[in-house]
Amino acid sequence: MRKVLLPSLIILATSLLVLRIFYLQIVDDTLKLKSENNAIKKKYEYPERGYIYDRKGVLLVANQASYDIMVIPRELKNTDTLELCQLLKITKEDFIKRIEKARIYSPRLPSVFLSQLNKSEFAAFQEKIRKYEGFYFQKRSLRDYEVNFGANVFGGITQVNEKLVAKNPYYNSGDLIGRQGVEESYEDLLRGVKGVKYIQKDKYNREIGSYKEGKYDTIAVQGEDINLTIDAELQKYGEELMINKRGGIVAIEPRTGEILALVTAPSYDPGILVGRQRSKNYTQLYHDSIAKPLYDRGLLAEYPPGSPFKILTGLVALQEGVIDENTSVSCNNGFSYARGRFMRCHCRGGSLQLHRGIYESCNSYFATAYMKTINKYTKPATAVDVWSNHIKSFGLGQFMGYDLPTGKRGNVPDSKTYKRIYPNGGWRSTTIVSNSIGQGEVLMTPIQLANMMATVANEGYYYTPHIIKKIEGHKIDKKFTTKHTTTIDKKHFKPIISGLFDVYNMGTASALKVEGIDICGKTGTAENFAKIGGKRIQLKDHSIFVAFAPKDNPKIAIAIMVENGGFGSTIAGPIASLMIEKYLRQKITRIDLEKRILATSLQSQYAKLGGLSDAIKLQLRISDSLLNKRTIPAVRIKTDTSKVKKQVI
């Protein structure tokens, strides 16, 4: 048996090897494409990217034709450089630089020489292209923005870099790829699939027809259309309200976690980053280190949450059993603690219970509740970890897992935090009491604040915020339909919600009521420091407001952060009321609030940080354009029959 086994294995292995070689050399000739690369030219057909619609089917982003001039360096012959430069309106130095860059990439593969020509530029060059061997056109599809808002939501498309080309075989030099926003998050779906044609060339490098009669050619497959959760009207309105201000607005539908609006200010018209002026405009925006128009404050800016954090302080204290609805605390214009230290308070003072503590935003009440929570445990380290875990169950202090490519964790301190700050120990509840009112080491992004309010509106659960609503032919990620439950019992939310409701009825937002809409909200003011000339200087406070509405069966939860805006009820609060009414009624009755907010400019405050950059001057011009277009211009609606028609909202 042993004598037969070894020869049998050798014969079998040899047979398999021979069969494989026969298949590769005779049957399957795809590898021949590589071996005959010098005689075969690839021509790519680029598909249209998928269209982007809002939650109601409003067309936001479509496509427009564009043309790139491609070059194959080794095929250049007797080029009239001067004439070509005049035709394309470039300098000779620029010509040389572009050719050298293409040659470094590959002397025999095509590279982009000049990108994003419009139809008239294309027509002018097309007439003379036969004179310039080694050059040819590549038709591509650029974005065509149907609206002048939402730049931070959409992101954009740009040419791939050399590192990505080397790492990802799908992309070639000059290909376009989504960057930032949904263009980046859903690149694999939006981009579609390139088609390719193999062209046979003769020994004189002339094209003589399709290779193998097109046997290996493939057709382009258009990208998938997507519907966002964004409400186009609400997004535009939010950007209008934030003109001449800096900050962020995030609105979420509580029962689903769908993001209704994601506003960052200042912003810009996404259309300025399309075409041959893209590089110039992007550079201008990128180098604005003062206003940072490319910085999405709704997702990236970490702020002390201020008084809205008292909601969580109260919930944790209720859960830990250190207070109940009837627990009374005395306030005498502030809270005294730790060797004469004093935390000021702006409530009316006297003896307060939880309900009044919320709607008057009493610092003394919530500082007391926080200290009772920490002092419940023998060791402060144990106590702060218990507190921290409760807070983190609201999705805070961590990346939230939403479907946008950028974000920040915020910060929820725990015992490790204070071991780093106080390596020799000695810290206790009085040391960290400023956490109780959303100062101290606590940091939150606007989207985290909005999610916190959505969780309160749901009485203890939330869905991961997300911006995708529908993808044709695909299911959205199930993580966006998975319920997350907090560590706080449902019964504790009702007294908190009752207090938040009276913030609008008899509390700090009583002047912001909207007739017929039951809004629950919380004002906030966060201290604001900056280094100017090497010195730490206190600037005007940030204005914060969080809310949800209606009180029963909430349909929108919102957070607004306005840098240097002052009291929460001054700027952020009115914006919340206006945004809520806009979403629920599609109209505005509080015209007084609208006029005041639209007329409010904080540029004088921001000028203290370094004046107005060129990029901000560009933003102000764009802002004027937004104010002059108070309705969404000629947007297109996707119908049930998948046809597109014009409609004005």
Is there a side-chain contact between [X] and [Y] in this structure, where contact means two heavy atoms from C-beta onward sitting under 4.5 Å apart?
X      : Y      : result
Val386 : Glu320 : yes
Ile52  : Val182 : yes
Met579 : Ile575 : yes
Ile517 : Arg585 : yes
Trp427 : Ile421 : no
His355 : Glu325 : no
Leu262 : Leu299 : yes
Met453 : Ile558 : no

Does any N or O in the side chain of [X] come within less than 3.5 Å of the main-chain N or O of [Y], such that one atom is a donor and the other an acceptor?
X      : Y      : answer
Lys479 : Gly401 : yes
Asn458 : Ala454 : yes
Glu239 : Gly150 : yes
Ser388 : Pro413 : yes
Ser543 : Phe567 : yes
Glu302 : Gly410 : yes
Asn451 : Phe394 : yes
Asp502 : Tyr359 : no
Asn411 : Gly397 : no
Asn505 : Ser510 : no

Give the minimum heavy-atom separation between [X] and [Y], together with the two atoms involved.
X      : Y      : answer
Thr445 : Gly298 : CB-O, 4.3 Å
Val58  : Ala232 : CG1-CB, 4.3 Å
Leu449 : Pro305 : CD2-CB, 4.1 Å
Cys345 : Asn363 : SG-N, 3.3 Å
Phe309 : Ser436 : CD2-O, 4.2 Å
Gly407 : Tyr402 : CA-OH, 3.0 Å

Test Asp225 against Tyr53 for side-chain contact (heavy atoms from CB on, under 4.5 Å), laying out the working first. CA-CA 8 Å; Asp225 294 345; Tyr53 299 84; 4.2 Å; yes

Counting only heavy atoms not in Arg590, do more than 12 sit closer than 6.0 Å to its CZ atom? yes

Any donor-acceptor N or O pair under 3.5 Å, side chains [X], [Y]:
X      : Y      : answer
Tyr418 : Glu441 : yes
Asn375 : Ser429 : yes
Tyr186 : Asp403 : yes
Thr382 : Asp385 : no
Glu360 : Thr508 : no
Thr600 : Lys245 : no
Tyr51  : Glu224 : no

Take Glu240 and Tyr237, measure what side-chain contact (heavy atoms from CB on, under 4.5 Å) needs, and give me the verdict at the end. CA-CA 5 Å; Glu240 288 177 350; Tyr237 191 55; 3.7 Å; yes

Look up atom [atom1] in [X] and atom [atom2] in [Y], then write down how far apart they are to the nearest 0.5 Å.
X      : Y      : atom1 : atom2 : result
Leu404 : Leu300 : CG    : CG    : 10.0 Å
Glu183 : Leu190 : CD    : CG    : 5.5 Å
Ile259 : Ile252 : CD1   : CD1   : 6.0 Å
Thr464 : Phe399 : OG1   : CZ    : 14.5 Å
Arg356 : Ser328 : CZ    : OG    : 10.0 Å
Gln586 : Glu233 : CD    : CD    : 6.5 Å

Residues Lys587, Glu581: salt bridge by 4.0 Å N-O rule: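 A salt bridge is absent here (no side-chain N lies under 4.0 Å from a carboxylate O).
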
Any carboxylate oxygen within less than 4.0 angstrom of a Lys/Arg side-chain nitrogen, looking at Glu253 and Lys555?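 Result for this pair is no, no salt bridge flagged.
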
Cation over ring, [X] on [Y], under 6.0 Å and within 45°?
X      : Y      : value
Lys236 : Phe149 : no
Lys310 : Phe366 : no
Arg246 : Tyr606 : yes
Lys483 : Tyr461 : yes

Chi angles and distances behind the side-chain contact (heavy atoms from CB on, under 4.5 Å) call for Tyr583, Leu260: CA-CA 9 Å; Tyr583 181 68; Leu260 302 173; 3.6 Å; yes

Going through the checks in order, is the side-chain contact (heavy atoms from CB on, under 4.5 Å) test met by Ile597 and Leu578? CA-CA 10 Å; Ile597 294 302; Leu578 292 168; 4.3 Å; yes

List the steps and the verdict of side chain to side chain donor-acceptor pair (under 3.5 Å) for Glu563 and Tyr303. CA-CA 9 Å; Glu563 295 179 9; Tyr303 305 95; 2.7 Å; yes

Start with the C-alpha distance between Lys392 and Asp414, add both sets of side-chain angles, then the distance that settles salt bridge (charged side-chain N to carboxylate O under 4.0 Å, His left out), and finish with yes or no. CA-CA 10 Å; Lys392 289 175 180 177; Asp414 55 19; 3.6 Å; yes

Answer yes if the ring centres of His484 and Tyr462 are under 6.0 angstrom apart, and no otherwise. yes

Evaluation steps, side chain to side chain donor-acceptor pair (under 3.5 Å), between Ser361 and Ser307: CA-CA 7 Å; Ser361 195; Ser307 290; 3.3 Å; yes

Can you tell me how the ring of His466 sits relative to the ring of Phe480, calling it parallel under 30°, perpendicular over 60° and tilted otherwise?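 The rings of His466 and Phe480 lie parallel, inter-plane angle below 30°.
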
Any chance you could lay out the side chain to side chain donor-acceptor pair (under 3.5 Å) test for Thr327 and Tyr365, step after step, and finish with the verdict? CA-CA 9 Å; Thr327 299; Tyr365 189 93; 4.9 Å; no

